[in-house]
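Each chain gets a letter, A, B and so on, in the order its sequence line appears, and its residues count up from 1.
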Protein chains: 2
Amino acid sequence: MKSDKISEAVVRRLPVYLRFLNDLQKREIATVSSQELGQKLDLNPAQIRKDLAYFGDFGRKGIGYDVSYLIEKIRHILKLDQQINVALVGAGNLGHALSNYNAYLKDTMKITAVFDSYAPKVGQKINSLTVQPMEELGQTIREQGIRIGIITVPDSEAQNVADILVESGIEAILNFAPVILKTPPTIRIHAADFTTDLQSLAYYLHDGKEEHTDEQQ
Amino acid sequence: MKSDKISEAVVRRLPVYLRFLNDLQKREIATVSSQELGQKLDLNPAQIRKDLAYFGDFGRKGIGYDVSYLIEKIRHILKLDQQINVALVGAGNLGHALSNYNAYLKDTMKITAVFDSYAPKVGQKINSLTVQPMEELGQTIREQGIRIGIITVPDSEAQNVADILVESGIEAILNFAPVILKTPPTIRIHAADFTTDLQSLAYYLHDGKEEHTDEQQ
DNA sequence: TAGATTGTTAATCGATTAACAATC
DNA sequence: TAGATTGTTAATCGATTAACAATC
């Protein structure tokens, strides 16, 4: 196959594949089939083969996929074969929690700067990063070549922060604030909204009368 | 229309509608059309009308939707017209951050218990909740009628926690750990994985040569 | 050679959008 | 009555799955 326009659904599965492949590699398993992959990830094997085939012929007929090779390929597709710098805006509890993931993201992405508008927060250390004032956002983004911004400020500030990020040349935003951000179409936005997640889960609670026996994940 | 099986995509949009409607109500706007809604939420008006029509005839032709009435209806659909108790498992930074949202979720959902396996954490206060040992999980869930569990423990513990939650009669899980949980099909699971979100965002970064000019959100 | 598994086409399924009669 | 907007049907678009020839 190779190319076509890739749907968002496909792109969102790639990191899931990558995570599992990293796991296999750690366990020194050299080869994996789409069937095994599908079983472990609750996905249809044909879908996995199709997803991967969009980007190239990574497997070998009769054998499966070489774990290390596929890791390399997916990392390249996701642009994770280079370090991508990330800015965290909002040094509250949530921001603090996310900054812990630097260790986990290790060689792929790195939160390299933290900002907060609240004066007493500025100058504090968060996991070896010093909280900077919002005024330095633009300059720091440009200096450090930061390409992704994470918004963990209160909803009332989120749009304003997004505007500044966009103005400073950011390319994508992960937004934890429960608001719909308005940005130019060139900016990629992902809403990581814990409150809507929880509320939609409530729909699937059993209520004695009408049963909602749906499939999972 | 009314009824049919409701797709997950529809259910996941309902909380977004609800959030915006609450906003309108606060601003004392009594009526809204699918067109206005669509514009503010970046959705197709026909889709919004169709989504709502699955559950009943909530609008009035020529007029639009009564904000208060629609709020009431959506809350009922999502089972948010009753308080739903939630358990938080994992009292680290992330768990701590999420417990702050109790104020925001206010009358709909409530985190009523927090657990951690790490002995020194037990007994500590987190936003007026006392951290309990994991051993009390089952009993507390049953006593408080907790129906949703949030997992914010390290990945290595996540499956174990999920097993205990399921055994204790939980109905749905919001999982922040970057692992695929294996649970019976009656349990509703939502993966709230910040690391895969970030990695899929990286795909959309511009790279000079091939342009990915996709739509947003 | 026999068994396994890919890459890909075709079939199916599902979700979004357009269009419009009904009606406030 | 004229204008606005719903609820719903039909059309379109897209994503998932099944099936299988190619081939290791």
Round to the nearest Å and state the distance from [X] atom [atom1] to [N] atom [atom2].
| X | N | atom1 | atom2 | value |
| --- | --- | --- | --- | --- |
| L70(A) | dT5(C) | CG | C1' | 14 Å |
| L52(A) | dT5(C) | CG | C1' | 13 Å |
| Q35(A) | dT6(C) | CD | P | 8 Å |
| D66(A) | dT6(C) | CG | C1' | 14 Å |

Just wondering, are more than 12 heavy atoms of other shown residues or ligands nearer than 6.0 Å to CZ in R60(B)?
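Atom CZ in R60(B) is not crowded, with 12 or fewer foreign heavy atoms closer than 6.0 Å.
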Verify the neighbour count for atom CD of Q83(B): are there more than 12 heavy atoms of other residues, nucleotides or ligands below 6.0 Å?
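More than 12 heavy atoms, drawn from other residues, nucleotides or ligands, come within 6.0 Å of this atom.
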Do R13(B) and L41(B) touch side chain to side chain, with heavy atoms closer than 4.5 Å?
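In short, these two side chains do not touch, never coming nearer than 4.5 Å.
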Can you confirm whether Y17(A) sits close enough to L52(A) that some side-chain heavy atom of one is under 4.5 Å from a side-chain heavy atom of the other?
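Side chain of Y17(A) against side chain of L52(A), heavy atoms only: contact under 4.5 Å found.
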Sub-3.5 Å donor-acceptor pair from the side chain of E157(A) to the main-chain atoms of P154(A), do we have one?
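Not at all, since once roles are kept as given, no pair shorter than 3.5 Å links the two residues.
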I'd like to know if the side chain of R188(A) and the backbone of Y204(B) have a donor-acceptor N/O pair within less than 3.5 Å.
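No.
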Nearest 0.5 Å, what's the [atom1]-[atom2] distance between [X] and [Y]?
| X | Y | atom1 | atom2 | result |
| --- | --- | --- | --- | --- |
| L21(A) | L70(A) | CG | CG | 5.0 Å |
| S34(B) | R49(B) | OG | CZ | 4.0 Å |
| R19(A) | L14(A) | CZ | CG | 12.5 Å |

Pairing annotation in dot-bracket form, given for DNA chain D with Watson-Crick or G-U pairs under 3.5 Å and | for cross-strand partners:
..||||||||||||||||||||||
Centroid-centroid distance, F176(B) to F194(B), less than 6.0 Å:
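When the ring centroids of F176(B) and F194(B) are compared, they turn out to be at least 6.0 Å apart.
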Report all interatomic pairs (protein N or O, nucleotide N or O of nucleotides 22-24 of chain D) with separations under 3.5 Å.
unit_1, atom_1, unit_2, atom_2, d
dC24(D), O4', K61(A), O, 3.1
dC24(D), O3', R60(A), NH1, 3.1

In B/S/- notation (B base, S sugar-phosphate only, - none; protein heavy atoms under 4.0 Å), nucleotides 12-19 of chain C written 5' to 3' is ---SBBBB
May I ask you to evaluate whether S34(A) reaches the phosphate of dT6(C), defined as a side-chain N or O under 4.0 Å from OP1 or OP2?
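Yes, because at least one side-chain N or O of S34(A) sits under 4.0 Å from OP1 or OP2 of dT6(C).
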May I ask you to verify if any side-chain N or O of Y65(A) is less than 4.0 angstrom from the OP1 or OP2 atom of dG7(C)?
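Y65(A) to dG7(C) OP1/OP2: side-chain N or O found under 4.0 Å.
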Can you see which heavy atom on K182(A) is nearest to which on K40(B), and at what distance?
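Smallest heavy-atom distance, with atoms named: NZ-O, 3.3 Å.
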